[in-house]
Amino acid sequence: MRLDQLNLVQRQHLAWRLDHKTACGMLTACQIARLGTEFDSKQVFEVFIWAGKSERSAKIHAGKVERFTLR
């Protein structure tokens, strides 16, 4: 799934997960999760790879972001 296909809650969870599970930092994570950035056309797992995760770990984190909903 591409970043531009995520809803607002999933983008917020992406920013949280990037901040807590990688070393990119909160400001960078928020900038990535915002609409209209150069990351919008990338797949979610590619963002985690960019942030320093292995391919396997990136796909696991991306799946958690894509399936995230509020209860």
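All of these numbers come straight from a predicted model, not from anything done at the bench. Just so it is clear, the values below take in all heavy atoms, side chains as well, and ignore hydrogens, waters and symmetry mates.
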**Q** For G63, does its backbone N or O pair with a side-chain atom of E66 as donor and acceptor, under 3.5 Å?
**A**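 Judged by distance alone, no pair lies under 3.5 Å.
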
**Q** Just wondering, do F45 and V65 contact through their side chains at under 4.5 Å, heavy atoms?
**A**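 Not in contact.
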
**Q** Apply side chain to side chain contact (heavy atoms under 4.5 Å, CB included) to the pair T28 and L18, showing each step before the final yes or no.
**A** CA-CA 9 Å; T28 306; L18 281 171; over 6 Å; no

**Q** Might you confirm whether atom CD of Q31 has over 12 heavy atoms from other residues, nucleotides or ligands at distances under 6.0 Å?
**A**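 For Q31, atom CD is not crowded (no more than 12 foreign heavy atoms under 6.0 Å).
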
**Q** Could you measure the distance from the CG atom of L6 to the CG atom of L35? Nearest 0.5 Å is fine.
**A**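 Going from the CG atom of L6 to the CG atom of L35 covers 9.5 Å.
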
**Q** If you compare all heavy atoms of A33 against all heavy atoms of A15, which two are closest, and at what distance to 0.1 Å?
**A**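 Closest pair (atom of A33, atom of A15, distance): CB-CB, 4.0 Å.
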
**Q** For the atom pair CZ (F68) and CD (Q12), what is the distance rounded to the nearest 0.5 Å?
**A**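 It is 9.0 Å, given to the nearest 0.5 Å.
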
**Q** What pair of heavy atoms forms the shortest contact from I32 to V47, and how long is it?
**A**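 Heavy atoms only, the tightest pair is CG2-CG1, 3.8 Å.
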
**Q** Can you tell me which residue pairs pass the salt bridge (Lys or Arg N to Asp or Glu O under 4.0 Å) test with a partner in residues 20-47, sequence neighbours excluded?
**A**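 For residues 20-47, and leaving out neighbouring residues, the salt bridge (Lys or Arg N to Asp or Glu O under 4.0 Å) pairs sorted by first residue read R11-D40.
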
**Q** Does V44 share a hydrophobic cluster with W16, counting links as ILVMFWY side-chain heavy atoms below 4.5 Å and allowing steps through other members?
**A**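 No, separate clusters.
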
**Q** Spell out, yes or no, whether I49 and M1 are grouped together once hydrophobic residues are joined by side-chain heavy atoms under 4.5 Å, including indirect joins.
**A**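 As far as the 4.5 Å side-chain criterion goes, M1 and I49 are not connected within one cluster.
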
